[in-house]
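Right, one structure below, let's go through it.
Residue indices begin at 1 and follow the sequence shown.
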Amino acid sequence: MLFEVEELTKKYRQHTAVESISFGIEPGSCVALLGRNGAGKTTTLQMIAGLLEQTSGKVSFMGKPYIDKKHIGFLPQYPQFFSWMTAEQYLHFVGSLSEVKKNVLKEKIAEVLSFTGLEQARKRKISGFSGGMKQRLGLAQALIHNPTLLLLDEPVSALDPEGRREVLQLLFQLKEKMTILFSTHVLHDAEQVCDSVVMLREGSLVWSGSLEQLKSENEELTFFIEADSSLEPVIQEAKDIVSVHYYEKGKVDVTFVNVKASQQFIQKCVELSVTILQFQRKRDTLEDMYLKVMES
């Protein structure tokens with residue numbers, strides 16, 4: 001594991017923001033930290049980043065029982081900038097704070113500006129940047145010291161569709177180079193780039209694992225079926241049906257217990273002279289599976 005959290009807890013007087021959560025992340029993975037607003041995502045990221053001291057529990061990073069901030073890049077949900085600085089000046093400032101060697105800092109600034117698409121804006125004052133540009137600059141500062149682990153708190157939630165697409169494209173490229181943990185409540189965006197998910201509900205961990213594992217444990221066997229006549233007689237006689245959703249005559253969604261039940265349904269259609277025009281498997285989205293886990 002690149003890092004692990006064990007029984008991590010954060011309390012503020014009578015309020016428990018995060019309660020005894022445990023999970024680990026493998027090197028080279030891209031993990032989405034999911035949960036509604038107030039679920040404890042930001043608090044968890046800040047504890048992992050070493051910006052907030054936990055009440056109890058521990059974080060082990062790269063096999064060591066402490067957090068080495070030199071290996072972590074962090075982008076907060078609402079990054080703050082010195083608006084009177086240019087992008088280049090700001091990155092020089094944070095690069096110096098991150099102890100990037102002077103003889104490589106200029107080259108590194110050019111590299112991250114180019115990667116985030118801000119090369120032409122390097123001499124512009126940050127006060128004139130759009131929301132998307134500021135978010136990309138925030139990402140550039142998180143990358144300036146070549147972190148092993150990149151932590152991003154709601155990196156696209158405040159952006160318009162174009163800005164979201166730009167940042168997601170950058171994350172897709174970055175996942176080939178480093179380990180990423182990012183929080184979000186926009187499930188469609190998480191599905192585009194993540195390999196694994198960690199789900200929080202009211203400060204507690206409810207699920208952790210790969211997307212494939214999540215699908216295998218929670219995806220239902222649902223088919224959209226279209227026929228040349230009503231499917232009601234078939235449905236009444238078929239066995240092992242979990243649920244049925246009707247659209248209109250001859251068009252339904254049917255959820256089966258297993259594959260054998262779906263095959264038996266087709267055979268029943270043949271017996272009752274009902275011609276099937278379409279029999280298509282419906283795949284659950286990450287949002288579908290998220291809701292099942294959260295509501296279970």
Side-chain angles (χ1 to χ4, degrees), residues 1-3 23-34 41-42 44-46 48-51 61-62 67-79 81 87-88 90-91 94-95 97-98 100 104-105 107-122 129-198 210-211 286:
M1 291 286 183
L2 178 66
F3 81 86
F23 66 92
I25 293 182
E26 298 283 355
S29 58
C30 180
V31 182
L33 184 62
L34 306 178
K41 302 188 301 296
T42 294
T44 299
L45 286 178
Q46 289 179 342
I48 293 172
L51 302 175
F61 184 72
M62 298 178 70
I67 300 163
D68 190 341
K69 296 180 182 179
K70 291 182 180 180
H71 294 285
I72 293 177
F74 183 69
L75 173 61
Q77 183 174 2
Y78 303 108
F81 304 99
E88 200 170 52
Y90 176 72
L91 290 175
V94 296
L97 291 179
S98 300
V100 179
V104 299
L105 182 55
E107 181 181 339
K108 190 59 186 176
I109 289 172
E111 179 186 324
V112 295
L113 283 174
S114 176
F115 176 75
T116 55
L118 294 172
E119 191 173 19
Q120 300 303 315
R122 67 186 186 278
F129 278 22
S130 66
M133 292 172 72
K134 287 180 179 178
Q135 200 72 346
R136 284 184 279 140
L137 180 59
L139 183 58
Q141 67 80 24
L143 298 171
I144 194 71
H145 59 297
N146 289 321
T148 304
L149 173 65
L150 183 63
L151 302 175
L152 310 173
D153 190 7
E154 298 280 2
V156 296
S157 62
L159 301 179
D160 58 26
E162 183 178 356
R164 281 170 54 195
R165 185 174 63 251
E166 290 173 352
V167 172
L168 287 172
Q169 287 173 345
L170 293 176
L171 292 186
F172 196 80
Q173 296 176 56
L174 283 171
K175 64 183 286 189
E176 303 298 325
K177 304 176 182 179
M178 62 187 64
T179 304
I180 301 173
L181 174 62
F182 70 101
S183 70
T184 184
H185 61 268
V186 184
L187 301 180
H188 175 73
D189 293 341
E191 195 169 22
Q192 304 305 304
V193 294
C194 73
D195 311 305
S196 303
V197 295
V198 175
S210 69
L211 276 182
L286 177 57

If we only count heavy atoms from C-beta on, is the [X] to [Y] side-chain gap below 4.5 Å?
{"X": "Leu2", "Y": "Leu149", "value": "yes"}
{"X": "Leu34", "Y": "Leu187", "value": "yes"}
{"X": "Met178", "Y": "Leu174", "value": "yes"}
{"X": "Leu150", "Y": "Leu181", "value": "no"}
{"X": "Ile180", "Y": "Val31", "value": "no"}
{"X": "Arg136", "Y": "Leu170", "value": "yes"}

How close do Ala190 and Thr184 get, counting heavy atoms only, and between which atoms?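 Answer, listing the atom of Ala190 first, then Thr184: CB-CG2, 3.8 Å.
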Grab the two heavy atoms, one from Ala121 and one from Phe129, that are nearest each other, plus how far apart they are.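 Result for this residue pair: O-CZ, 3.7 Å.
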Tabulate below the donor-acceptor pairs under 3.5 Å that side-chain atoms of residues 138-147 make, not counting sequence neighbours, or state none.
| from | atom 1 | to | atom 2 | distance (Å) |
| --- | --- | --- | --- | --- |
| Gln141 | NE2 | Phe74 | O | 3.0 |
| Gln141 | NE2 | Gly138 | O | 3.0 |
| His145 | NE2 | Ile72 | O | 2.9 |
| Asn146 | OD1 | Lys108 | NZ | 2.5 |

Exercise for the section: Start with the C-alpha distance between Ile25 and Thr179, add both sets of side-chain angles, then the distance that settles side-chain contact (heavy atoms from CB on, under 4.5 Å), and finish with yes or no. Expected result: CA-CA 8 Å; Ile25 293 182; Thr179 304; 3.7 Å; yes
Item to complete: Would you please classify the geometry between the His71 ring and the Phe61 ring as parallel, tilted or perpendicular, with 30° and 60° separating the classes?
Response: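 Correct class here is tilted.
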Could you list the residues that satisfy side-chain hydrogen bond (donor to acceptor under 3.5 Å, both in side chains) with Glu191, not counting sequence neighbours?
->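 Testing Glu191 for side-chain hydrogen bond (donor to acceptor under 3.5 Å, both in side chains), a comparison that skips the adjacent residues, returns none.
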Residue list, salt bridge (Lys or Arg N to Asp or Glu O under 4.0 Å) with [X], at least two apart or on another chain:
{"X": "Lys69", "result": "none"}
{"X": "Lys134", "result": "none"}
{"X": "Asp153", "result": "none"}

Checklist entry - Quick one: ring-ring contact (aromatic ring centres under 6.0 Å, His included) partners of Tyr90, sequence neighbours excluded? => result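 Scan of Tyr90 (ring-ring contact (aromatic ring centres under 6.0 Å, His included), adjacent residues dropped) gives Phe81.
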State the [atom1]-[atom2] distance between [X] and [Y], to the nearest 0.5 angstrom.
{"X": "Leu113", "Y": "Glu88", "atom1": "CG", "atom2": "CD", "answer": "7.0 Å"}
{"X": "Met62", "Y": "Thr148", "atom1": "CE", "atom2": "OG1", "answer": "5.0 Å"}
{"X": "Leu152", "Y": "Gln135", "atom1": "CG", "atom2": "CD", "answer": "8.5 Å"}
{"X": "Glu176", "Y": "Leu171", "atom1": "CD", "atom2": "CG", "answer": "12.0 Å"}
{"X": "Arg164", "Y": "Gln169", "atom1": "CZ", "atom2": "CD", "answer": "12.5 Å"}
{"X": "Leu211", "Y": "Cys194", "atom1": "CG", "atom2": "SG", "answer": "4.0 Å"}

Is there a donor-acceptor contact under 3.5 Å from the side chain of [X] to the main chain of [Y]?
{"X": "Thr116", "Y": "Leu137", "result": "no"}
{"X": "Ser183", "Y": "Thr42", "result": "no"}
{"X": "Lys175", "Y": "Val193", "result": "yes"}
{"X": "Arg122", "Y": "Glu119", "result": "yes"}
{"X": "Asp195", "Y": "Ser29", "result": "no"}

Evaluation steps, side-chain contact (heavy atoms from CB on, under 4.5 Å), between Phe182 and Leu151
CA-CA 6 Å; Phe182 70 101; Leu151 302 175; over 6 Å; no
Practice task
Verify side-chain contact (heavy atoms from CB on, under 4.5 Å) between Phe172 and Cys30, making sure each step is shown before the conclusion.
Solution key: CA-CA 9 Å; Phe172 196 80; Cys30 180; over 6 Å; no
Q) Any chance CD of Glu107 has more than 12 other-residue heavy atoms, nucleotides or ligands included, within less than 6.0 Å? A)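 Atom CD in Glu107 is not crowded, with 12 or fewer foreign heavy atoms closer than 6.0 Å.
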Next on the checklist: Run Val94 and Val100 through side-chain contact (heavy atoms from CB on, under 4.5 Å) and show every step you take.
Outcome noted: CA-CA 9 Å; Val94 296; Val100 179; over 6 Å; no
